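Working notes, beginning with the structure itself.
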Amino acid sequence: MNIIENLPSLAAEIDKAEDIVLVGHVNPDGDSIGSLMGMKGFLEAAGKRAVAIVPNNYPDFLSFLDPGKDVMMYSDNPAEIEELVAGAHLIICMDFNSLKRIDQLGGVIAQAECGKILIDHHPGPDQIFNLIYSYPELSSTCELVYWILEELSRMMGTRIPLSSSIALYTGMMTDTNNFANSVLPSTFIMAGRLMEAGVDKEWVQKMVLGGYSEERMRLMGYMLSQNMKIIPEYNAAVMVLSKEIKEKFNFADGDSEGFVNLALNIRSVKVSALFTEGDEFIRVSLRSKGDFSVNRLSRGFFNGGGHERAAGGRLFMPIAKVEEYFVKSLGDFIEQEKQAHLL
Ligand code: 5GP
Ligand code: MN
């Protein structure tokens, strides 16, 4: 696979730097933690000091990728992270396309004086980076990082450690919803190479899918049987996870990860939404199948964006109003799309 251009520039930047800061997005998912730990392992194997930082905590089921608890959270440790960023020789941002996606950490990164590199698969990256590796056609940032590391490995004479291979396989697997979405021939080739490199795919499956807490499992059952509503006229499904429900199920960060995909298993459902009430805003998660662009839906109505079939955003309104707003927005959006001949 030879799609990644301009890798000598990246190799040169890495070569010059001793302290490298790797940055992941808010509410880190498998692709975020996978790309961070994959890159961190490789850079350390190349003799660099690399730290991975994220705005807030990741779901518990991903902790097997971070056995030493090395990923640092800005929410826990702002002063220490500000110092690390200020002292860094190079910053590599992965799996997000805009500093807005890292909350307050965005201002800290913006102020850093060292070179900044973006490695990502979301369309429309911010133009504030010195080097941009943006490949929206790839399954996941982890796939992109794999193809980059394969080449860097040759150029730098550094082997990709097994821990990195496991992390990259995991992020690709979770971002494609277990090989269901956005999978291309290159994705299978990557998976095959990683298996040859020693990744035990059944073990990874067990860690990801068998790593649920009892609370998460019960919450999932409750959301599907009691909370999910189907809106037949728009082929849509919606779940609203309020603070009240969170308390009832002793909610921990990441417990609702993947719920938004579940409703798409219903034959008639083409678009699925999950709204999660937080302290400052309502987190929006959108998924679709077919030609329905949740990226445009989110940009237009939910203060966000993302991919065509997986997007997210934020709402600022009482949780009780969200379902009504969703139904109205869908109606308006579908009308707009039809007029533009996009649906
Ligand atoms: P999730 O539903 O898993 O939180 O997010 C799905 C995708 O939507 C992410 O990969 C990301 O690309 C995008 N996304 C989520 N939240 C936001 C947001 O607030 N703003 C933008 N621009 N994209 C988001
Ligand atoms: Mn991703």
Side-chain angles (χ1 to χ4, degrees), residues 23-39 54-59 61-62 93-106 118-126 133-146 167-178 180-184 187 190 237-239 241 253-264 271-278 280-288 292-316 326:
V23 188
H25 60 74
V26 72
N27 302 319
D29 58 3
D31 201 28
S32 174
I33 299 298
S35 50
L36 290 171
M37 296 312 280
M39 184 59 90
V54 289
N56 62 342
N57 206 354
Y58 55 79
F61 74 87
L62 292 171
C93 295
M94 292 186 286
D95 198 35
F96 61 91
N97 57 0
S98 158
L99 292 184
K100 284 191 220 130
R101 293 276 292 128
I102 55 172
D103 291 352
Q104 290 97 315
L105 190 51
L118 179 71
I119 299 179
D120 183 40
H121 73 139
H122 296 92
D126 273 358
Y133 298 90
S134 169
Y135 290 83
E137 64 278 20
L138 290 184
S139 65
S140 51
T141 299
C142 280
E143 182 181 337
L144 175 54
V145 171
Y146 176 74
L168 297 176
Y169 186 93
T170 304
M172 175 275 292
M173 191 188 107
T174 55
D175 233 37
T176 59
N177 189 19
N178 214 359
N181 310 325
S182 316
V183 174
L184 293 165
T187 320
M190 169 220 187
V238 56
M239 295 185 220
L241 179 50
D253 273 348
D255 272 359
S256 58
E257 189 68 40
F259 285 9
V260 66
N261 293 313
L262 296 171
L264 285 185
V271 54
S272 165
L274 169 69
F275 296 97
T276 308
E277 186 179 15
E280 278 137 44
F281 56 85
I282 295 166
R283 193 178 149 203
V284 181
S285 247
L286 299 162
R287 299 290 185 275
S288 64
F292 195 107
S293 169
V294 285
N295 175 32
R296 287 198 293 276
L297 175 65
S298 189
R299 280 169 192 261
F301 297 88
F302 296 100
N303 308 302
H307 309 281
E308 292 306 286
R309 294 179 187 169
R314 291 170 182 206
L315 280 181
F316 302 84
F326 176 62

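In listed order, ligands and their atoms are each counted from 1. For clarity, every value in this text was computed on a predicted model and none was experimentally measured.
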Spell out, as yes or no, whether a donor-acceptor pair under 3.5 Å connects the side chain of [X] to the backbone of [Y].
{"X": "N97", "Y": "P123", "value": "yes"}
{"X": "D120", "Y": "H122", "value": "yes"}
{"X": "T187", "Y": "L184", "value": "yes"}
{"X": "N261", "Y": "N177", "value": "no"}

Give me the residue, atom name and distance of the protein heavy atom closest to [atom].
{"atom": "atom 19 (O) of ligand 1", "result": "G313 CA, 3.5 Å"}
{"atom": "atom 15 (C) of ligand 1", "result": "G312 CA, 3.3 Å"}
{"atom": "atom 6 (C) of ligand 1", "result": "R287 NH1, 3.6 Å"}
{"atom": "atom 7 (C) of ligand 1", "result": "A310 O, 3.7 Å"}
{"atom": "atom 12 (O) of ligand 1", "result": "H122 NE2, 2.6 Å"}
{"atom": "atom 11 (C) of ligand 1", "result": "R101 NH2, 3.4 Å"}

*Out of G124, G304, G305, G306, whose heavy atom is nearest to atom 24 (C) of ligand 1?*
G305
*Using distance alone, determine whether V260 and ligand 1 share an N or O pair under 3.5 Å.*
no
*asked:* Under a 4.0 angstrom heavy-atom cut-off, which atoms of ligand 1 come close to S285?
replied: 1 (P), 2 (O), 4 (O)
Restricting to N, O or S atoms, which atom of [X] is closest to the Mn ion (ligand 2)?
{"X": "D175", "value": "OD2"}
{"X": "D95", "value": "OD1"}
{"X": "D31", "value": "OD2"}

*Could a heavy atom of R299 be found less than 4.0 Å from some atom of ligand 1?*
no
_Between ligand 1 and R283, can you find any atom pair, the residue atom being a heavy atom, that is separated by under 4.0 Å?_
yes
*How about L286 and F326: do any of their side-chain heavy atoms sit closer than 4.5 Å?*
yes
*Do M239 and V260 come within less than 4.5 Å of each other through their side chains, counting heavy atoms only?*
no
*Would you tell me whether H307 and N295 have side-chain atoms, one donor and one acceptor, within less than 3.5 Å of each other?*
no
_Distance-minimising heavy-atom pair for C142 and G30_ = SG-O, 4.5 Å
*Is the shortest distance from a Lys or Arg side-chain nitrogen in D29 or R101 to a carboxylate oxygen in the other one below 4.0 Å?*
no
_N, O or S of H121 under 2.8 Å from the Mn ion (ligand 2)_ = yes
